[in-house]
Structures are given as C-alpha cells and as structure tokens.
Amino acid sequence: MRSVSAEQWAAVDRYISELLVGEDPDLAAALDASRAAGFPPVNVAPNQGKLLHLLARIQGARHILEVGTLGGYSTIWLARALPTGGRLVTLEIDPRHAEVARANLERAGLLDRVILRVGRAVDSLAALADEGAGPFDLVFIDADKPSNPEYFRWAMRLTRPGSVIVVDNVVRHGAVVDPDSQDPAVVGTRRLNEIMAAERAVSVTEVQTVGSKGYDGFALALVLDD
Ligand code: SAH
Ligand code: DHB
Ligand code: MG
C-alpha cells in the first residue's frame, strides 16, 4: 500500500475545511484563545466539528451532553446545532479550561444555551442523573480516555431510545488493537468497546480517521429500545 504522510493528511484537511467547512471568526477566536492559554491542541478538527454539528442537526437534538469541554471549540459547533430553546450541558474538570471556554462561548453568543459544569465528569454525571436531567438526544464523550467505560454507562442512563452517542479517539494511532497494551487510554478504550459490543440496547460502529489530528477514529452509537 502506498504510504501517505501526515503532512498530506493535514493538507487535505485544510483543503476540505477551507472549501466546505466554513470556519468563522468566533471559532477561530476560540482556537486562538485556547492556544494563547497554552492548552494542548486536542480540540476536534474543523471538519470533525462540523460532522458533530451535522449529526446534531440530523438528529434534531434539543438536549446535548458533552463530556470534556477544553476551550469549548466542539461545544460551539454542537451548540450552534440547537434549535431555539435547546440546551447543551458540557462537563469539564479544569477550572482554567472552563474559564476560557466560557469566554469563547460568550463571544460566540451561545452562553444562553450552554451550561458549563466544573468538576470530575463522573460526579457531574451522577449529579445530573440525581437531578433527573435528560434524556439527552446526543452525547459527545471526549474527556479522559481511561474513564470512557464509565462515561458510556452514564450516557446510557441519561439517554433514550433514538439518542446518539459519539465517542472521540477510539483508535489512537492504531494502538487499540494491542490486547497487551498497558496504556490506560488504550485499556479504557478496549474496555469501552467490549461494553458497547455486549450492550444489546445500542447499535455501534467505529470509523478510523486521518487528518490534521493524526490517525484516530470515533465511535457512533444509536440507543435502541430495550
Ligand atoms: N471536546 C473538546 C476537547 C476536549 S479535551 C474539543 O474538541 O474542543 C479533553 C478535556 O477533558 C480537557 O479539557 C480535560 O481537562 C477534560 N477532562 C479530563 N479529565 C476529566 C474529568 N475527569 N472530568 C471532566 N473533564 C475532564
Ligand atoms: C488527546 C485527547 C483528545 O480528546 C484528542 O482528541 C486527542 C488527544 C490526548 O489527551 O492526548
Ligand atoms: Mg478528542
């Protein structure tokens, strides 16, 4: 097989994004602010952000849950998909990330529909369940990878048949196929996959991706009656 460089993946991502994605000043400012704050560049790529946005619109999502806010880049894409009166709850452990995200969401005019909860996501998820929040129509899981099994279990509790669950970073440069991996992110992802495979109330696929963020992939799950 002919090998293609990471530079080529990034060039194609730029081509796609410039021609089709339509990044605007508020998204660009969110990335600039994240960079200026020294955050790792692990926000979704622009074309993946738009994929999330389109999935939310296809789904007609009125209630969205995000686990892992960082600077709010993916949050902006998702919140822009909400209809009038729709709400997005996003969970973030790092107060500095939350602060920058809040400013980015405010600049984008989205703070009226986004609820930012600061704390360990497992605690926030338990609190949401206690409060009777949801059901969420779409859940985007993109925080610490070792906790993905737990986040998926909470997502199942906080959704309804017909909801969509998306999990970022399930391929990790292909490391996911190594059953002997000691990397907690890989162990967590493999456990997540086993749980999803055993869960009858969900139909799942995963797609590998390349691009400006390297070689990775995402899981897409539909919650079923059961
Ligand atoms: N979804 C964002 C990127 C998120 S990066 C985007 O695409 O723009 C992952 C985020 O999860 C980081 O901000 C990190 O601080 C947060 N995080 C890590 N562990 C967490 C935990 N236990 N609870 C909540 N958030 C956590
Ligand atoms: C990492 C986290 C992400 O959410 C991502 O999309 C890429 C990398 C990381 O923690 O390394
Ligand atoms: Mg991610």
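For ligands, and for the atoms within them, numbers begin at 1 and follow the listed sequence.
Connection of L192 to V122 is established within a shared hydrophobic cluster, with ILVMFWY side chains joined at heavy-atom distances below 4.5 Å, either directly or through further cluster members. Clustering ILVMFWY residues whenever any of their side-chain heavy atoms sit less than 4.5 angstrom apart, transitively, puts L55 in the very cluster that holds L88.
A donor-acceptor pair under 3.5 Å links the side-chain atoms of E92 to the main chain of L70, judged by distance alone. Panel note: side chain T69, backbone L91; a donor-acceptor pair is recorded below 3.5 Å.
The environment of CD in E194 is crowded: more than 12 heavy-atom neighbours from other residues, nucleotides or ligands sit within 6.0 Å.
Between the side chains of Y73 and N104, no donor-acceptor pair is found at a separation under 3.5 Å.
Salt-bridge check for R96 with E99: failed, with every basic side-chain N at 4.0 Å or more from each acidic carboxylate O. With respect to R117 and E131, a salt bridge is recorded, a charged nitrogen being found less than 4.0 Å from a carboxylate O.
Around the Mg ion (ligand 3), protein N, O or S atoms at less than 2.8 Å number 3.
At a threshold of 4.5 Å between non-hydrogen side-chain atoms, the residues V187 and Q182 do not count as touching. Within the 4.5 Å cutoff, the side chain of W154 has no heavy atoms near those of the L65 side chain.
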For residues 158-178, dump all side-chain donor-acceptor pairs below 3.5 Å to protein atoms at least two apart in sequence or in another chain.
| unit_1 | atom_1 | unit_2 | atom_2 | d |
| --- | --- | --- | --- | --- |
| T159 | OG1 | A155 | O | 2.8 |
| T159 | OG1 | M156 | O | 3.4 |
| R160 | NE | D137 | OD1 | 3.2 |
| R160 | NH2 | D137 | OD1 | 2.9 |
| S163 | OG | F136 | O | 2.7 |
| S163 | OG | R160 | N | 3.1 |
| S163 | OG | R160 | O | 3.1 |
| N169 | OD1 | K145 | NZ | 2.8 |
| N169 | ND2 | D216 | OD2 | 3.1 |
| D178 | OD1 | D180 | N | 2.8 |
| D178 | OD1 | S181 | N | 3.4 |

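Within 4.0 Å of ligand 2, protein heavy atoms come from V42, D142, K145, D168, N169, R172.
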Please tabulate, one line per pair, the protein nitrogen or oxygen atoms found under 3.5 angstrom from a nitrogen or oxygen of ligand 1, with distances to 0.1 Å, or say none if there are no such pairs.
| unit_1 | atom_1 | unit_2 | atom_2 | d |
| --- | --- | --- | --- | --- |
| ligand 1 | 1 (N) | G68 | O | 2.9 |
| ligand 1 | 1 (N) | S74 | OG | 2.8 |
| ligand 1 | 1 (N) | D142 | OD2 | 2.9 |
| ligand 1 | 7 (O) | V44 | N | 2.9 |
| ligand 1 | 7 (O) | S74 | OG | 3.2 |
| ligand 1 | 7 (O) | D142 | OD2 | 3.4 |
| ligand 1 | 8 (O) | S74 | N | 3.1 |
| ligand 1 | 8 (O) | S74 | OG | 3.3 |
| ligand 1 | 13 (O) | L70 | N | 3.3 |
| ligand 1 | 13 (O) | E92 | OE1 | 2.7 |
| ligand 1 | 13 (O) | E92 | OE2 | 3.2 |
| ligand 1 | 13 (O) | H97 | ND1 | 2.7 |
| ligand 1 | 15 (O) | E92 | OE2 | 2.6 |
| ligand 1 | 15 (O) | H97 | ND1 | 3.2 |
| ligand 1 | 19 (N) | D144 | OD1 | 3.2 |
| ligand 1 | 22 (N) | D144 | OD1 | 3.4 |
| ligand 1 | 22 (N) | Y151 | OH | 3.4 |
| ligand 1 | 23 (N) | A121 | N | 2.9 |
| ligand 1 | 25 (N) | I93 | N | 3.2 |

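Once rounded to the nearest 0.5 Å, the distance linking CG of L54 with NZ of K50 reads 6.0 Å.
When all heavy atoms are compared, the tightest approach of P146 to A185 is CG-N, 4.1 Å.
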